[in-house]
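This report concerns only the one structure given below.
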Number of protein chains: 2
Amino acid sequence: MARTEHRKSGTLPVTPPTLADVAERAGVSRQTVSNAVNNPDLLRPDTLERVRQTIAELGYSPNRAARNLRTRTSSLIGMRFAPAQEGTANAAMDRFVHSLVEASEEVGYHVLLFPGDDEDPVGGYDNLLRSTAVDAFVVTDTYLGNPQAAWLSQQRAPFVAFGRPWHDDEARHVWVDVDGAAGIALATQHLIDRGHTRIAWIGWRKDSPIGEDRRSGWVRTMHANGLSTTGMASRVEDVVHSGAEAAAVLLDESAPTAFVCASDTLAMGVLHTLWIRQLAPGRDIAVVGFDDSQVAQVYPVGLTSVRQPLEDVAVEIVRNLRALLSHQPVETRGVLLEPTLAIRESSQPAGPVVAQ
Amino acid sequence: MARTEHRKSGTLPVTPPTLADVAERAGVSRQTVSNAVNNPDLLRPDTLERVRQTIAELGYSPNRAARNLRTRTSSLIGMRFAPAQEGTANAAMDRFVHSLVEASEEVGYHVLLFPGDDEDPVGGYDNLLRSTAVDAFVVTDTYLGNPQAAWLSQQRAPFVAFGRPWHDDEARHVWVDVDGAAGIALATQHLIDRGHTRIAWIGWRKDSPIGEDRRSGWVRTMHANGLSTTGMASRVEDVVHSGAEAAAVLLDESAPTAFVCASDTLAMGVLHTLWIRQLAPGRDIAVVGFDDSQVAQVYPVGLTSVRQPLEDVAVEIVRNLRALLSHQPVETRGVLLEPTLAIRESSQPAGPVVAQ
DNA sequence: CGATCGACCTAGATCGATCCAATCGAGGTG
DNA sequence: CACCTCGATTGGATCGATCTAGGTCGATCG
């Protein structure tokens, strides 16, 4: 139980020790050292101990390139990294990437980022694949018409998508997604439980399958509670300004007491309109957003928001990637995870809850 | 000028073509193919053309692992990825990582992310270094007492830091940073130009060198314009709540007409206090934040904020990394870049500018 | 007692690229 | 014509690991 870690003291030698160095010093063959690292149960306990001792003394760590060459793997997961769009509140990427990095590390993988090119969406994938630089991909932008998933499938490249193949019935790849409808249902029910009956929806335009899915959660929950949705919905662009306008129109025409929005960006628009009209979020009108972005967290009146379980998504993705890579049969094509609701002031009246 | 890209059509063969395959097909030696890829000027034009043709036909791309093994490089830049802290508005990481990925790609590098471990801050670095998995590192969290820079220096590992070695005069490593003081000076001058004279500062606690640096920009500009700073400053924790409290106290005691804050998080606190007191940001009281976070962008009253030139930072970091790796002498130890000011409504009166 | 077996270990081949030294042929020089 | 230079190309060695096949040795067994 030597607590001192020799391998971490002192400067790194010009050329790190190799497997052969360890073998010679320990008086065994290279293969035995290799086995000590990769298949310890093949060694006799005393030999294993001796080799491990030597490995520690020399500070040996297997050369990645050599191992990669021989095993035809890289222990790298490629992911195209597109930044959050400026002017929107979608900060989910940051959290997701971190979760993915953590989850990958757990099973011995690292995450390699490469830039995206709108003109040549598969170019980055193609390069990495051809040069066998990565073992697999995580595909995040599975929006409509994105050719990446189909292309990767065709290349027989291992990958897992974050996001359902919305319009592609042909798709047979593995995916992990968050049940947006369930999240919005959660939000809607939360408002109903607080006594609201006139709950409006502000979502994205009809050509967004994700937006329509989330909307369905609202419709479903309203109807399940015997509440009407007519005249209570609006579909707009995902910008603050549009959310503000939609809120103003809905307030004038349908007098809702609560808003459920497809995004925090739209919710910010609603809050803006409330502010102009001197209505207090939470007290006068409840507002719920989606994504639990930093905006929702630091806005002075904390914004209640649907929070995607990105940590779980990452874990699930990595789990499926491993299955794919080890050629185990993947039990399911798709996994749908349940979001939670981060409840803040914007949906909580300061005073006592108004009955009905 | 064949516009059709053969290499991108069809599925990938089970094992990608190797250099030897290309050589045989083109009727040249392996070394010639290698030269065609890496030193094209060594080949006679007609040979080069023939080899390139064959490369395109077979869809050949050099195997990364083999190249890495032979050249003892990986074309990978390692970076420890820590997520933005929840509850703050600091979304700079996202933008920076993207910029870094882009800038790296330009010069043939990819970015490898690894998780951080607070208990063993150099563990991740150590592993990657020993296994020669990356060529260099980008170190981002150069806060006080962070041992990474010193440790990497000692290991003679190539790295460039994003952030100055604030308290370490011994440090001889290369760094790139943003001149926070200059950014705040810009913001302060902007407010003075708008006619403000009573400009308050809300910053971080005194043990934050970054915070003190930013503060100095405010002090400097105020004094340069013959304005007083006494009783106009507050130093608090970087949370919304603290910013709100500080603003309330300052408003009561010193009646400022403008606030400059060390972060967007604190600025959100100020906005909260203004909201409670029915004061309109921009019209009644001006507010400026720092980082141009998503919050600043989507807040209904757009928040004027100092914006770090993260794209330039990334480019500069990559430039210095290349110099380090090619053993060219780096001309300077440190690079300081100028931020800009993203001007929005929170510092712009709706009506005409009030003279003096 | 020799054959067989299994646990443990070893030596050589191999992954696919680049480095190195050497070769080959064409052109220039005294 | 012998000698040298130089551009273009080549074949073998090499990077550091793992794979494959095979060897050693003591225990077990007919």
Side-chain angles (χ1 to χ4, degrees), chain A residues 12-52 54-55 58-76 108 127 129-133 135, chain B residues 12-52 54-55 58-76 108 127 129-133 135:
Chain A
L12 205 63
V14 183
T15 60
T18 71
L19 190 118
D21 296 335
V22 176
E24 189 183 14
R25 200 166 207 265
V28 295
S29 71
R30 301 193 320 276
Q31 185 57 44
T32 300
V33 179
S34 177
N35 285 336
V37 174
N38 302 307
N39 302 84
D41 4 328
L42 291 182
L43 302 204
R44 222 180 353 179
D46 60 326
T47 314
L48 180 59
E49 180 51 36
R50 187 156 41 99
V51 175
R52 282 195 165 149
T54 312
I55 288 177
L58 293 180
Y60 167 76
S61 189
N63 180 301
R64 272 295 224 291
R67 169 179 283 179
N68 294 350
L69 174 58
R70 186 66 248 226
T71 62
R72 295 166 171 283
T73 61
S74 65
S75 299
L76 251 37
N127 280 338
L129 202 52
R130 291 210 124 68
S131 56
T132 57
D135 289 347
Chain B
L12 205 63
V14 182
T15 62
T18 72
L19 190 118
D21 297 334
V22 177
E24 190 183 12
R25 200 164 206 265
V28 294
S29 71
R30 299 193 323 276
Q31 185 58 45
T32 301
V33 179
S34 177
N35 285 337
V37 174
N38 301 308
N39 301 83
D41 4 329
L42 290 182
L43 300 204
R44 223 179 345 167
D46 60 325
T47 315
L48 180 59
E49 180 51 36
R50 188 157 40 99
V51 174
R52 282 196 165 150
T54 313
I55 288 177
L58 292 180
Y60 167 75
S61 189
N63 180 302
R64 272 297 223 292
R67 170 178 283 178
N68 294 351
L69 174 58
R70 186 64 249 228
T71 62
R72 295 166 172 283
T73 62
S74 65
S75 299
L76 251 37
N127 280 336
L129 203 52
R130 291 210 125 70
S131 56
T132 58
D135 289 347

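Computed from heavy atoms alone, side chains included, the values below leave out hydrogens, waters and symmetry copies. Lettering of chains follows the sequences in order, A, B, ..., and the numbering in each one begins at 1.
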Length of the [atom1]-[atom2] vector between [X] and [N], whole Å:
X: B:Arg72; N: C:dG16; atom1: CZ; atom2: P; result: 20 Å
X: B:Arg70; N: C:dT18; atom1: CZ; atom2: C1'; result: 5 Å
X: B:Leu42; N: D:dT10; atom1: CG; atom2: P; result: 13 Å
X: A:Arg44; N: C:dG6; atom1: CZ; atom2: C1'; result: 14 Å
X: B:Gln31; N: C:dA17; atom1: CD; atom2: P; result: 12 Å
X: A:Asp21; N: D:dC15; atom1: CG; atom2: C1'; result: 13 Å
X: A:Leu48; N: C:dC9; atom1: CG; atom2: P; result: 9 Å
X: A:Asn39; N: C:dT10; atom1: CG; atom2: C1'; result: 16 Å

**OP:** Check whether any side-chain heavy atom of B:Arg67 lies under 4.5 Å from a side-chain heavy atom of B:Asn38, and answer yes or no.
**Re:** yes
Subject >> Closest nucleotide among D:dC15, D:dT9, C:dC9 to the B:Asn35 side chain >> reply: D:dT9
Original post:
Which one, D:dG16, C:dA17, C:dC9, comes nearest to the side chain of A:Ser29?
Top reply: C:dC9
Original post:
So, B:Ser131 side chain and B:Asn127 main chain: donor-acceptor pair closer than 3.5 Å or not?
Top reply: yes
**OP:** Determine yes or no for a side-chain-to-main-chain donor-acceptor pair under 3.5 angstrom, with A:Asn39 supplying the side chain and A:Leu42 the backbone.
**Re:** no
State whether [X] places a side-chain N or O below 4.0 Å from either non-bridging phosphate oxygen (OP1 or OP2) of [N].
X: B:Thr71; N: C:dT18; answer: no
X: B:Arg67; N: D:dC15; answer: no
X: B:Thr32; N: D:dT9; answer: no
X: A:Ser34; N: D:dA17; answer: no

Subject >> B:Arg130 versus A:Gly59, closest heavy-atom pair with distance >> reply: NE-O, 2.9 Å
**OP:** Output the distance between atom CG (A:Asp21) and atom CD1 (A:Ile55), rounded to the nearest 0.5 Å.
**Re:** 12.0 Å
Original post:
Base, sugar-phosphate, or nothing for B:Thr18, non-hydrogen atoms under 4.0 angstrom?
Top reply: sugar-phosphate
**OP:** Tell me what A:Asn38 touches on the nucleic acid: a base, only sugar-phosphate, or nothing, going by heavy atoms under 4.0 Å.
**Re:** sugar-phosphate
Original post:
Any donor-acceptor pair under 3.5 Å between the side chain of A:Arg30 and the base of D:dT18?
Top reply: yes
